[in-house]
Asker: 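Have a look at this one.
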Amino acid sequence: MLKLQNVCKFYGEGEARVAALNGVSFEVNKGDYIAVMGPSGSGKSTLLNIIGGLDRLSSGEVFLEGQRLDTLDENELVAVRRGKISYVFQQYHLLPSLTALENVLLPITFAGLDGNGHEAHAVQILERIGLGKRMHHRPNQLSGGEQQRVAIARALVNNPILTLADEPTGNMDQKRGNEILDLFDQLNKEGQTIIMVTHNLDAARRAKEIINLRDGALVDRIKQQVR
Ligand SMILES: Nc1ncnc2c1ncn2[C@@H]1O[C@H](COP(=O)(O)OP(=O)(O)OP(=O)(O)O)[C@@H](O)[C@H]1O
Ligand SMILES: [Mg+2]
């Protein structure tokens, strides 16, 4: 479904040049749940940003369902991403003036697809993740874990084929974090493909595989015991 070939990302020039990614290759199949681990600065966020189309690679190739992404222009990339890839950030990036439901509906609004069917779908997702009674609250009336769940609901509203998450539990205590991980387990069981960056080994153990990055290179990919 997703294929990276020899992906490199360099920042800066000459002496100051940093290789954030230095020849990363791997494939992701439908239904995979991969945790990306590695020390700070090893290139985890850069990797996710390139897959998600938020950043451009310096060299290499990225394919999504056979379609080459790295040669698309901005508009084409946005169109592909919008339909297929969702992104959950460490910072939730919710709009403070909108309710939970309105935040979840933002991608639909941006895509110009407003309509009752979508609102019902958004409500359904919010109910599924335990926020049915909170959907008319604004972000500052929600806990960190609840805000992250709204951000995840927003990421799912377009029925993505691939969900990317950068430290989705990074800002929360263990209990809240586990709720998010339970939700990811459930989504993965339903067939959602997930790539999650995490520093936390307990979180990574919930995934089916762990990819380790070091200095911008993939050092290993380990299948985990069946959960
Ligand atoms: N915009 C940028 N300009 C220059 N260097 C950058 C830029 N973004 C990232 N880097 C560098 O690229 C390397 C990889 O960064 P990246 O953010 O991918 O690391 P990370 O593994 O996500 O780290 P962390 O665990 O701290 O989030 C780092 O050395 C970083 O300093
Ligand atoms: Mg990072």
Side-chain angles (χ1 to χ4, degrees), residues 2-28 32-64 69-70 72-74 77-78 81 85-94 144-145 147-152 154-155 160 162-174 176-178 180-181 183-184 193-222 224:
L2 175 74
K3 186 171 175 185
L4 279 75
Q5 266 176 334
N6 214 11
V7 170
C8 295
K9 175 70 182 181
F10 303 110
Y11 289 109
E13 304 270 309
E15 298 261 301
R17 195 167 97 142
V18 175
L21 292 176
N22 208 347
V24 172
S25 304
F26 66 93
E27 278 186 51
V28 178
D32 280 355
Y33 180 5
I34 298 173
V36 179
M37 299 198 80
S40 182
S42 57
K44 304 181 297 295
S45 296
T46 306
L47 179 69
L48 229 56
N49 289 342
I50 285 174
I51 295 170
L54 303 181
D55 204 351
R56 310 299 298 216
L57 47 69
S58 305
S59 65
E61 297 170 3
V62 178
F63 297 89
L64 183 68
L69 293 190
D70 55 286
L72 298 178
D73 68 30
E74 281 312 313
L77 199 53
V78 166
R81 242 202 95 204
I85 302 179
S86 70
Y87 208 130
V88 179
F89 301 90
Q90 179 170 4
Q91 304 297 338
Y92 324 122
H93 294 302
L94 298 178
Q147 290 179 58
Q148 184 60 297
R149 277 187 277 161
V150 173
I152 292 169
R154 181 183 55 188
L162 173 64
T163 295
L164 307 173
D166 197 349
E167 296 275 0
T169 61
N171 280 333
M172 48 194 79
D173 63 34
Q174 201 178 356
R176 298 282 175 218
N178 280 335
I180 301 297
L181 295 169
L183 178 58
F184 278 16
T193 310
I194 301 172
I195 305 179
M196 170 180 74
V197 166
T198 181
H199 274 118
N200 183 324
L201 192 56
D202 288 332
R205 289 225 166 90
R206 308 276 294 254
K208 288 178 180 163
E209 294 179 77
I210 299 181
I211 280 180
N212 276 302
L213 290 184
R214 199 127 316 165
D215 297 330
L218 193 159
V219 290
D220 53 28
R221 175 170 180 168
I222 303 162
Q224 307 212 72

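Here the structure is a predicted model, which is why all the values come from computation and not from measurement. Numbering of ligands and ligand atoms starts at 1, following listing order.
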Asker: What do you reckon, does G41 have a nitrogen or oxygen under 3.5 Å from a nitrogen or oxygen of ligand 1?
Answerer: yes

Asker: Looking at atom 12 (O) of ligand 1, what's its closest protein heavy atom, distance included?
Answerer: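 Heavy-atom neighbour on the protein nearest atom 12 (O) of ligand 1: A20 CB, 3.3 Å.
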
Asker: Give a yes/no on ligand 1: does S42 have at least one heavy atom closer than 4.0 angstrom to it?
Answerer: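 For ligand 1, residue contact (heavy atoms, under 4.0 Å) with S42 is present.
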
Asker: Please report which non-hydrogen protein atom sits nearest to atom 9 (C) of ligand 1, along with the residue it belongs to and the distance in Å to one decimal place.
Answerer: Y11 CE1, 3.4 Å

Asker: With a 4.5 Å limit on heavy-atom distance, are the side chains of Q148 and V88 in contact?
Answerer: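 The answer is yes; the side chains approach within 4.5 Å.
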
Asker: Could you find the nearest protein heavy atom to atom 26 (O) of ligand 1 and give me its residue, atom name and distance?
Answerer: S40 OG, 2.5 Å

Asker: My question is simple, although I want it checked carefully: is atom 7 (C) of ligand 1 less than 4.0 angstrom from any protein heavy atom?
Answerer: yes

Asker: If we only count heavy atoms from C-beta on, is the D173 to R176 side-chain gap below 4.5 Å?
Answerer: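 The answer is yes; the side chains approach within 4.5 Å.
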
Asker: Counting backbone and side chain alike, does T46 bring an N/O/S atom below 2.8 Å of the Mg ion (ligand 2)?
Answerer: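 Within the cut-off used here (under 2.8 Å), T46 places no N, O or S atom near the Mg ion (ligand 2).
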
Asker: Only heavy atoms of H199, strictly under 4.0 Å: list the atoms of ligand 1 that pass.
Answerer: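 Taking each heavy atom of H199 in turn, ligand 1 has 25 (O) under 4.0 Å.
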
Asker: Indicate yes or no: at least one non-hydrogen side-chain atom of N49 is less than 4.5 angstrom from one of T46.
Answerer: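 N49 vs T46: side chains apart.
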
Asker: Would you check if I195 and L2 make a side-chain contact, meaning some heavy-atom pair closer than 4.5 Å?
Answerer: yes

Asker: Has K44 got a side-chain atom pairing as donor or acceptor with P39's backbone, closer than 3.5 angstrom?
Answerer: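 Side chain of K44 to backbone of P39, a donor-acceptor pair under 3.5 Å: yes, one is there.
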
Asker: With side chains defined as the heavy atoms from C-beta onward, is the minimum distance between E27 and D32 less than 4.5 Å?
Answerer: no

Asker: Would you check if the side chain of T169 reaches a backbone N or O of G177 as a donor-acceptor pair within less than 3.5 Å?
Answerer: no

Asker: Has G43 got any heavy atom lying under 4.0 angstrom from an atom of ligand 1?
Answerer: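 In this structure, G43 qualifies as a contact of ligand 1 - some heavy atom is under 4.0 Å.
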
Asker: Give a yes or no on whether atom 3 (N) of ligand 1 lies under 4.0 Å from any heavy atom of the protein.
Answerer: yes

Asker: For atom 17 (O) of ligand 1, what is the nearest protein heavy atom, given as residue, atom name and distance?
Answerer: S45 CB, 3.8 Å

Asker: Between R149 and I180, is there a side-chain heavy-atom distance shorter than 4.5 Å?
Answerer: yes

Asker: How far is atom 15 (O) of ligand 1 from its nearest protein heavy atom, and which residue and atom name does that atom have?
Answerer: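 Answer, as residue, atom name and distance: T46 OG1, 3.7 Å.
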
Asker: If you measure from each non-hydrogen atom of E167 to ligand 1, which part falls under 4.0 Å: side chain, backbone, both or neither?
Answerer: neither

Asker: Is there side-chain contact between L47 and L218, with heavy atoms separated by less than 4.5 Å?
Answerer: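 They are not in contact (no side-chain heavy atoms under 4.5 Å apart), so the answer is no.
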
Asker: Do P160 and I85 make a side-chain contact, defined as non-hydrogen atoms from C-beta onward lying under 4.5 Å apart?
Answerer: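 A side-chain contact under 4.5 Å is absent here.
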
Asker: In this structure, does ligand 1 have an atom that sits under 4.0 Å from one of the heavy atoms of P39?
Answerer: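 It does; at least one heavy atom falls under 4.0 Å.
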
Asker: Which heavy atom of the protein is the closest neighbour of atom 25 (O) of ligand 1, given with residue, atom name and distance?
Answerer: K44 NZ, 2.7 Å

